[in-house]
Structure formats: C-alpha cells, structure tokens
Amino acid sequence: MAGRLLLALPILLFLLLVGQCHGGKIGVCYGRNADDLPAPDKVAQLIQQQSIKYVRIYDTNIDVIKAFANTGVELMVGVPNSDLLAFAQYQSNVDTWLKNSILPYYPTTIITYITVGAEVTESPTNVSALVVPAMRNVHTALKKAGLHKKITISSTHSLGILSRSFPPSAGAFNSSYAYILKPMLEFLVENQAPFMVDLYPYYAYQNSPSNVSLNYALFSPQSQDVIDPNTGLVYTNMFDAQVDSIFFALMALNFKTLKIMITESGWPNKGAAKETGATPDNAQTYNTNLIRHVVNDSGTPAKPGEEIDVYIFSLFNENRKPGIESERNWGLFFPDKSSIYSLDWTGRGNVDVMTGANITSANDTWCIASTNASETDLQNALNWACGPGNVDCSAIQPSQPCYQPDTLVSHASYALNSYYQQNGANVVACDFGGAGIRTTKDPSYDTCVYLAAGSEQLRSRSSSMRQMLGHFAPHAGPCDGCSYAVIYGNAPASPFRCEMKGELQIA
C-alpha cells in the first residue's frame, strides 16, 4: 500500500502544477529620489541583465521612458500628486500631457499602466478628492488616442486606507475615505483595472515586534501560524494577512471581483540602531520568499491559487529621501549597479548567498550555516546532524582539521554539509528548518576538507547511510514545503522542510 501511494505522489503533484505554470508577475520599483544614480539608459541595461520584465516609475520622465524603448520591459508610469489639480481641472491639460509624454514614445516603449496619484490618503496636502476626476480625464484622453483598452488606469494606496486590518476577515476601509472610494471602485470595475496597494510587513514587525514576529513577517517556515477566529483561515505570513484584509474590505463593499495588485513591497537593507530588522540578510530572505510566493501562485488563504502581481521596492537606495535611516535603504542595488544582495527573479531556484549564483544543480554544491539562523537553531541543527543524522563529526573535535575556527557557525557548516552530501545533495537535506543554505563556493580551507559530490570520502560514507535513508519518504504537502514522514521503521524524524516546489524523493 505504501509503495503504491509513493508512486502516485509525483503524478498527483504534476497534475496540480500543470494548471499553475504561468504565475503572478514580479516587477521592480525604480525610484529616483537620489543624486548618485546611474543614467536611465544604464539602468535599463541593468534591468535587462536581471531579466526583469516589469518596472514601475513614479512620473513620466522622458529620459527614463526613452531608455526603455525596444527593451520589451513593460512600464507602469505615474501622475504625481502634485499634478492632480491640473489633471482634475481641465481635460486639455491631460490631452497635452498625453501628447507630449506618452504618444511620441509608445509603443516603442511599452506602457501598460498609469497610476493617477500615489497613496493620496497619506499626502500632507488634501488631494484625495482630485483623484477620480483626474482618472476620468486620463481615461478620456486615452480613449481619444485609441489606447484606453491597452493602457490601464488606477491609483495606489497604502494599507492606512483601512480602519481595521486584523483579523483579515474584519478588514474594513476607513469611513472617512468613503467619498473617494465608491466612485473610484466603480471606475476600476467599469474599466477592468486592479485595486493597487502598497504593503509592507516590515512596518508591521518594526512597529509591533511583540505582536508580529520576524519569522512571520519574513515568510519563514518557522513562524507560528495565526488563525483568523472568524473564518478559521490559517495564516503563515504577514503578507497574506495584509492582502486578505484588503480583499475582505472590498468584499464588504460588494467589490469582491476586483483584482488586487501590490504596487510596492520590500524590506530595508539598513536602518537606524532601533531598526534591528533592517538588514541585508532579512531583505534578501523577505524578497526571495515573496518572489517564490508570487511565482508559485500560492495565493492567499482567502483566495488560494490566485495570481498576484507584485512590484518590489526598490531598485536602488535613494539617498535624498527624508525620514529615518531605513527610508533611504530599500534598494536591491548600489548606485554603481553592484548587488546589495542577490535574488533569484525566477522564483524557481535557490540563490547562493556567497557567490550570488542561481543554484540549478546539485553538482558542485555545498551546504553551510545560514547567516539568518539563530544560535539556538544552529545548535539544534548541529546536534541533530551529529546525532540522529549519523554524520561523522570527528573532524570538528579539538585538534582535528576542522576544529578551528572554534565557532558555532563553522562547526555547524561542516556538519550540515556532511549530512547534505550523504543525502544526495538534495535541497531538502540542506534546510534544517532554515538553518542551512546551499552555495556553489567550496567552503574548504587549509586542511579542513568539506565533503563534495563524487568524492571518495563521500562514497565510503554513503554506503553506511543507505539503510537509514530507506526509512524516510516524503508525504505530499503544500507546494511551498514538505516534511519527511516516517513511512516504516523507527528512524528519527528530521527537522527539514523542502522549499523547492514539486521536488520529491521516492524511497
């Protein structure tokens, strides 16, 4: 019976994945509030090199629009809040803007969205009442040019437009914005446009770390589930909870068919002393997990499998932005175009944190301790590998080749890699609850040699592992993770979760 079940698992998973091959879209926000950024044509080259297909800008700067000509990149352009009065007052102002800023460059530069106003309810000047009239005038101008079916109009919002966001099922819009929301939502439905919102789990964590754990904000598999008491829906991350709070708020107003688009989300790579969560490691973890979540069509608990398009904020650090330190440090790249940290934009592979390479094969890969892991997690992983994991840890004992440096990270890296190699160098065997991460750079040093695929050391040790490995087989689970289950025998349960969609090993 167990054998038949195991053989059926990959077939079942394949059928589940066939209908989910498209995935949501991942874009990037190209803000320019800085005085040290590269020229727009260099930025366009960088974006093409990264295979990024969708870019949001916040105005209609001609140099930027021209830079993306013939690139195949789809632009979301914006009408700044400062222009809303002119756009709302006179149709002729919008007609002239379209004639000068859009039409000469379209479709050589692909423009798919126009955002009219940005987070207007957060604006220090009261421009909220101008948004819908401006949107209508932009639509009229596009219709005159025959582009109203090709370029979509919307406006972006912050989560502050809600009066309640927790639990998600209680999500409700602030009643003081009712005068703009009803006509705007009607406009969006009429023109099949998405409701655009900027979501930042970072701020939920930073503002209330006692109520929102870092793991929950970062999509970590180690986070504690949050159950919505009204619906029984289980939330494993803050992003999904925020998206669903918008969905339930829309549903309460009878606009449940509106598509939600996330026009900004990200994590700062640096912050002030009190902003302890603002680090490159956390930024990489959040954005990597966000990309994977979107590309895999994970959807949300309220709308499972729903495609969600997301724009990551932001391409560069912006040194002229006011506010606390983190405000200037949301970038993926430094002004010289070097990466602050690496991302796998496909969402289907692993990123090597040491070399920045996308890991696509088990050959020539090693497993090391993650810099995101706590000392407790590393110690637990080390104890497990050297105990139930049956790893030979003699090399990290005193006077042995890998004892120095005598640090937890170094010892854990050696033990985790040994287990990883002895288990076929499979991504599952390097997870350890998030404590391990794969790399293509050989971590061996001096006389300390790490096991590697195909090595004589590994072959001699693998034979002793085969019997134990026979006790394990994965069970089918959610696409974003599976755990080892004991199918037969009394082998110890491992602390792993898989993060590669559809990757199963049959015992």
Side-chain angles (χ1 to χ4, degrees), residues 29 118-119 121-122 156-174 177 195-231 233-250 260-294 298-303 308 310-314 321 323-330 372 374 434 480:
C29 299
E119 298 188 359
T121 57
E122 304 291 327
T156 67
H157 307 275
S158 74
L159 196 63
I161 199 168
L162 299 184
S163 59
R164 290 194 308 273
S165 60
F166 184 82
S169 61
F173 288 108
N174 191 319
Y177 303 132
F195 184 85
M196 296 178 168
V197 62
D198 302 337
L199 297 184
Y200 288 100
Y202 167 76
Y203 287 122
Y205 163 72
Q206 178 63 29
N207 294 335
S208 187
S210 60
N211 294 318
V212 179
S213 73
L214 182 61
N215 285 335
Y216 188 65
L218 292 175
F219 294 86
S220 171
Q222 299 166 285
S223 70
Q224 185 173 353
D225 293 345
V226 175
I227 301 175
D228 188 312
N230 300 324
T231 62
L233 294 174
V234 178
Y235 289 86
T236 60
N237 62 82
M238 175 57 75
F239 177 85
D240 281 352
Q242 291 182 339
V243 172
D244 275 356
S245 68
I246 293 290
F247 167 69
F248 280 107
L250 289 170
I260 297 171
M261 177 184 285
I262 312 305
T263 40
E264 286 183 11
S265 192
W267 197 279
N269 58 71
K270 182 181 178 182
K274 293 182 178 180
E275 297 178 286
T276 56
T279 69
D281 285 344
N282 287 340
Q284 182 187 46
T285 297
Y286 177 81
N287 286 327
T288 296
N289 289 335
L290 175 61
I291 292 171
R292 183 175 298 156
H293 192 63
V294 171
S298 301
T300 66
K303 303 192 82 173
I308 302 176
V310 175
Y311 287 76
I312 292 180
F313 187 88
S314 177
K321 293 190 74 172
I324 57 177
E325 182 69 17
S326 63
E327 283 295 318
R328 293 174 287 282
N329 292 283
W330 290 79
N372 287 326
S374 67
D480 62 346

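Quick note: residue numbers are just sequence positions, from 1.
When each of Asp244, Val310, Asn289 is paired with Phe239, the side chain to side chain contact (heavy atoms under 4.5 Å, CB included) condition holds for Val310 and for no other. Of the options Asn215, Asn237, Leu218, a side chain to side chain contact (heavy atoms under 4.5 Å, CB included) to Ser223 is made by Asn215 and by none of the others.
Residues Ile161 and Val197 fail the side-chain proximity criterion, which asks for heavy atoms closer than 4.5 Å. Side chains of Tyr205 and Thr276 form a contact here, defined as non-hydrogen atoms less than 4.5 Å apart.
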Stepwise, does the side-chain contact (heavy atoms from CB on, under 4.5 Å) test hold for Ile291 with Ile312? CA-CA 9 Å; Ile291 292 171; Ile312 292 180; 3.7 Å; yes
Test side-chain contact (heavy atoms from CB on, under 4.5 Å) on Phe166 and Asp228 and set out the steps. CA-CA 8 Å; Phe166 184 82; Asp228 188 312; over 6 Å; no
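Here Glu264 pairs with Arg56 under the salt bridge (charged side-chain N to carboxylate O under 4.0 Å, His left out) rule; sequence neighbours left out. Annotation: ring-ring contact (aromatic ring centres under 6.0 Å, His included) contacts of Tyr311 (sequence neighbours excluded): none. Taking the salt bridge (charged side-chain N to carboxylate O under 4.0 Å, His left out) definition, one finds that Lys303 meets it with Glu306, sequence neighbours left out.
Ring centroids of Tyr286 and Trp330 are separated by 6.0 Å or more, keeping the two rings apart.
Between Pro201 and Met238 the shortest heavy-atom distance is CB-CG, 3.7 Å. Between Pro268 and Ala283, the closest heavy-atom pair is O-CB, 3.8 Å.
A donor-acceptor contact closer than 3.5 angstrom is absent between the side chains of Gln206 and Tyr200. Side-chain atoms of Thr263 and Asp198 form a donor-acceptor pair, as typed in the model, at a separation below 3.5 Å.
Between Phe219 and His293, the ring planes lie tilted relative to each other; the angle falls in the 30° to 60° range.
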